[in-house]
Amino acid sequence: MSILADLAPRPGRFRDAVSIGGLCTAIVVVSMTLRIPEAGLAAYLVFFAYRPDANGTIAVAVVFVFLSIFVVAVSIPMLGMVLDNPPARMALVAGITFVGMWLASATPLGPIASTLAFLLTFLVILPDVVNLPIPNEVELLTHSIAWVAPIVIIAMITIGVLAYLFGRNAIGVVEDRMAERLSAVSDRLAGRMDAAAFAEIVTAAPAKVEDLEKFAKLSTSKADWNRLMALDRELLELMLAVAAFDEAEADPQTRTMLEAQLADVQSMTRASITMATESRPLVAATAEDVAACIRSVGRILNGERLPEAPATAKEGGGFRSLLLEPRHWQFATKVTLAVMACIFLFTGLDWVSIHTCMITCYYVSEATLGESVHKMTLRMVGCLIGAALAALSLIYLIPLMNDVGQLALLVFVVASIGGWIGMGSERIAYAGFQIVLAFFLVVLDALGAFGLNFGPSYDFEPATGRILGILFGSLACAFAFVTLWPLPMRVDVADGIGRTFRAVAAGLRREPATGRAEILAGLGRARDLQDYTLFERAVEVDSITPEWCAATDEAFRTLAIASVLERRRARRGETDVAGLTALAGAFEQDADYFAQGLLAPRREAAIAGATDPVAADPLDAALVKHLQEIAGCRTVPSQAESLQPALSS
């Protein structure tokens with residue numbers, strides 16, 4: 001997908017961008033009015049706290065408030081113990097970073113763990129960073145640390161209040177997302193959207209709604225919440241049914257008949273399909289399933305009884321397996337070494353203004369090599385664009401300004417542009433954040449640092465140092481991630497494919513499987529990683545090959561067809577699985593191959609030679625036959641490769 005497509009408008013994007021711009025502007029005005037230092041960093045917190053719904057934004061703001069209080073309460077006594085012992089301080093920094101980044105990689109804490117590690121580390125090395133005209137060093141440090149809480153708290157209060165007054169209800173945002181899904185189904189059936197774009201929406205949709213689900217319960221009753229989640233599940237099944245319909249290569253007339261039944265709720269509840277006698281069984285099976293899914297969605301929208309939630313299997317091997325998984329401690333080690341190298345760089349050169357190199361290490365590090373290089377590239381490009389905008393503003397615009405309102409307008413415009421980019425896909429989003437950060441670091445630092453000067457300044461050295469620090473930090477991380485245990489993106493692609501085939505096998509056996517949303521999110525991640533192959537190849541790593549891309553598409557096709565068969569059998573209450581034992585075993589074997597990082601080999605003969613009987617229903621038989629054909633069309637790369645060394649070395 002091109003950059004222009006990533007920058008194109010979509011429903012709600014303008015609102016999100018303007019909201020981000022407005023929140024950043026409000027924080028800058030409040031900070032300047034109350035003479036609170038570091039207005040730029042406070043305003044940048046908007047990009048961490050903002051969510052499309054008011055509930056989510058307020059919840060994150062509250063978490064940040066408590067996090068800042070905790071950090072200040074812990075860091076002052078911690079720093080007091082190691083203040084006069086630089087080796088102990090460095091050891092403490094290394095320990096905090098390692099634990100924090102291990103938690104960020106191995107647990108759902110993710111960004112919270114990395115942010116907490118960064119804040120604690122920053123305050124521990126504060127004696128090497130700050131240089132304020134306060135004679136007593138202990139008083140200096142106490143004042144500096146004490147500023148952290150007001151900076152964060154004032155910013156979060158501003159964000160929370162504005163989100164409460166003007167933000168969108170979480171339920172409304174979730175409903176909009178579901179309306180987008182229905183619209184995508186309608187567009188695909190009518191031929192207004194191609195199959196590739198529809199598949200991308202199907203695999204991306206679960207993650208987007210899942211982010212909103214966490215806070216939607218704060219503004220609705222339990223009954224409404226259950227209905228909303230039931231609708232979410234049925235819409236996912238409908239989208240999978242349409243994907244299977246595509247796989248069956250249905251005729252335009254049947255598509256038109258089904259699309260017409262999405263016109264209103266009443267027509268949805270009565271959705272049905274009359275197939276021509278010459279229709280192929282695979283088309284008839286998938287068309288009937290699409291109609292059944294439309295009826296199910298219509299009944300939920302009409303307020304009828306909710307369908308039961310399917311039983312799902314829990315994944316994961318417990319804490320012990322996390323401890324033994326090498327990729328987590330390898331990730332933490334790489335980030336720790338990059339952080340320590342950056343600290344030694346700016347302290348050894350006595351160049352305090354490039355301390356942002358250390359901060360960069362916490363936020364550009366990703367699980368796989370390609371993602372990390374991609375994020376580093378976005379950070380550097382965004383940083384350079386933001387710095388250029390800031391320099392032009394300081395030269396041509398700031399001298400013409402004579403009140404805070406004019407500055408607020410400039411901040412609003414730049415923050416809204418960054419917000420528009422930041423609300424795009426993962427391919428470009430981080431660049432938007434960095435444009436705004438670099439702009440704030442230059443312009444707002446020039447207008448007041450640490451509360452000592454709130455008039456214009458044209459000393460570019462501190463801001464230039466911060467920008468160079470971002471570039472140095474990106475290079476330090478790149479070196480660490482390329483030279484130490486480089487983890488190819490194929491590892492996570494293989495994981496997403498393998499989990500899909502394991503879920504297909506469980507569904508064929510009528511056993512509890514991983515939730516459909518989780519499986520689709522894993523396939524969505526596998527698809528997204530394919531966009532970053534250029535970044536792995538740039539550092540001479542053999543990246544995802546066309547065979548891996550084909551395997552991802554095949555896993556999605558398999559899941560779509562298998563879900564049709566699973567739903568048809570569930571509607572009949574069928575429990576006998578003997579007829580599908582061989583097929584389920586074949587897909588389980590596929591999952592084992594991908595778990596080892598290997599592309600599953602051809603086994604056309606093994607599938608074709610299966611003697612287990614299949615269901616007597618001719619439509620079910622057509623679905624089973626198509627699954628056998630998909631499984632038999634496996635391609636093998638010219639040189640089979642295993643990713644186990646990358647996982648365990």
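Residues take their numbers from the sequence shown, with the count starting at 1.
A salt bridge links Arg571 with Asp289: the distance from a Lys NZ or Arg NE/NH1/NH2 to an Asp or Glu carboxylate oxygen falls below 4.0 Å. Between Arg427 and Glu200 a salt bridge is recorded (basic side-chain N to carboxylate O distance below 4.0 Å). One finds a salt bridge joining Arg255 and Asp246 here, because a Lys/Arg side-chain nitrogen approaches an Asp/Glu carboxylate oxygen to under 4.0 Å. Ion pairing between Glu371 and Arg525 holds under the 4.0 Å rule for side-chain N and carboxylate O.
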Worked verdict on Val18 versus Phe412 for side-chain contact (heavy atoms from CB on, under 4.5 Å)
CA-CA 8 Å; Val18 170; Phe412 174 78; 4.0 Å; yes
Trace of the side-chain contact (heavy atoms from CB on, under 4.5 Å) decision for Leu240 with Leu520:
CA-CA 10 Å; Leu240 277 173; Leu520 287 171; 4.1 Å; yes
Candidate pair Ile428 and Leu7, rule side-chain contact (heavy atoms from CB on, under 4.5 Å), full reasoning:
CA-CA 8 Å; Ile428 63 168; Leu7 292 172; 3.6 Å; yes
Would you check, one step at a time, whether the test side-chain contact (heavy atoms from CB on, under 4.5 Å) holds for Ile561 with Leu565?
CA-CA 7 Å; Ile561 293 293; Leu565 181 61; 5.9 Å; no
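Distance check: Ile20 CD1 to Trp420 CH2 gives 11.5 Å after rounding to the nearest 0.5 Å. In this structure, Gln434 CD and Leu378 CG are separated by 9.0 Å, a value rounded to the nearest 0.5 Å. Leu235 CG to Glu237 CD: the interatomic distance, rounded to the nearest 0.5 Å, is 10.0 Å. Atom-to-atom distance recorded for Glu288:CD and Arg567:CZ is 13.0 Å, nearest 0.5 angstrom. The OG1 atom of Thr57 sits 10.0 Å away from atom CE of Met156, with the distance rounded to the nearest 0.5 Å. The structure places NE2 of His374 at 10.5 Å from CG of Leu529, a figure rounded to the nearest 0.5 Å.
Counting heavy atoms from C-beta on, the side chains of Ile159 and Phe64 never come closer than 4.5 Å. Side-chain contact between Ile201 and Arg188 is absent, with no heavy atoms from C-beta onward closer than 4.5 Å. Side-chain contact between Ser563 and Arg516 is present, with at least one heavy-atom pair separated by less than 4.5 Å. Put simply, the side chain of Leu262 does not reach to within 4.5 Å of the side chain of Val297, judged on heavy atoms. The closest side-chain heavy-atom distance from Ile435 to Ile417 is not below 4.5 Å. Within the 4.5 Å cutoff, no side-chain heavy atoms of Thr368 are placed close to those of Val491. Side-chain contact between Leu162 and Thr158 is present, with at least one heavy-atom pair separated by less than 4.5 Å. The shortest distance between side-chain heavy atoms of Val185 and Met239 falls below 4.5 Å.
Relative orientation of the Phe594 and Trp548 rings is perpendicular, given thresholds of 30° and 60° on the angle between their planes.
Between Arg502 and Ala595, the shortest heavy-atom distance links the atoms NH2-CB, 4.2 Å. Contact record, Gly496 with Leu523: O-CD2, 4.2 Å, taken as the closest heavy-atom pair. When every heavy atom of Leu627 is checked against every heavy atom of Ala562, the shortest pair comes out as CD2-N, 4.0 Å. Minimum heavy-atom separation, Met268 to Gly298: CB-CA, 3.8 Å. The shortest non-hydrogen separation linking Val436 to Gly418 is CG2-CA, 3.6 Å. When all heavy atoms of Arg15 and Gly167 are compared, the pair lying nearest together is NH2-C, 4.2 Å.
A side-chain N or O of Ser186 and one of Arg192 form a donor-acceptor pair less than 3.5 Å apart.
Between Tyr44 and Phe47, the ring centre distance stays below 6.0 Å.
Of the listed residues (Asp232, Leu231, Val202), just one forms a side-chain contact (heavy atoms from CB on, under 4.5 Å) with Arg181, and that residue is Asp232.
Around the CD atom of Gln530, the shell of radius 6.0 Å holds more than 12 heavy atoms that belong to other residues, nucleotides or ligands.
For Thr286 (side chain) and Leu282 (main-chain N/O), a donor-acceptor pair under 3.5 Å exists by modelled atom type.
Cation-pi geometry between Arg527 and Phe556 is satisfied (NZ or CZ under 6.0 Å from the ring centre, within 45° of the ring normal).
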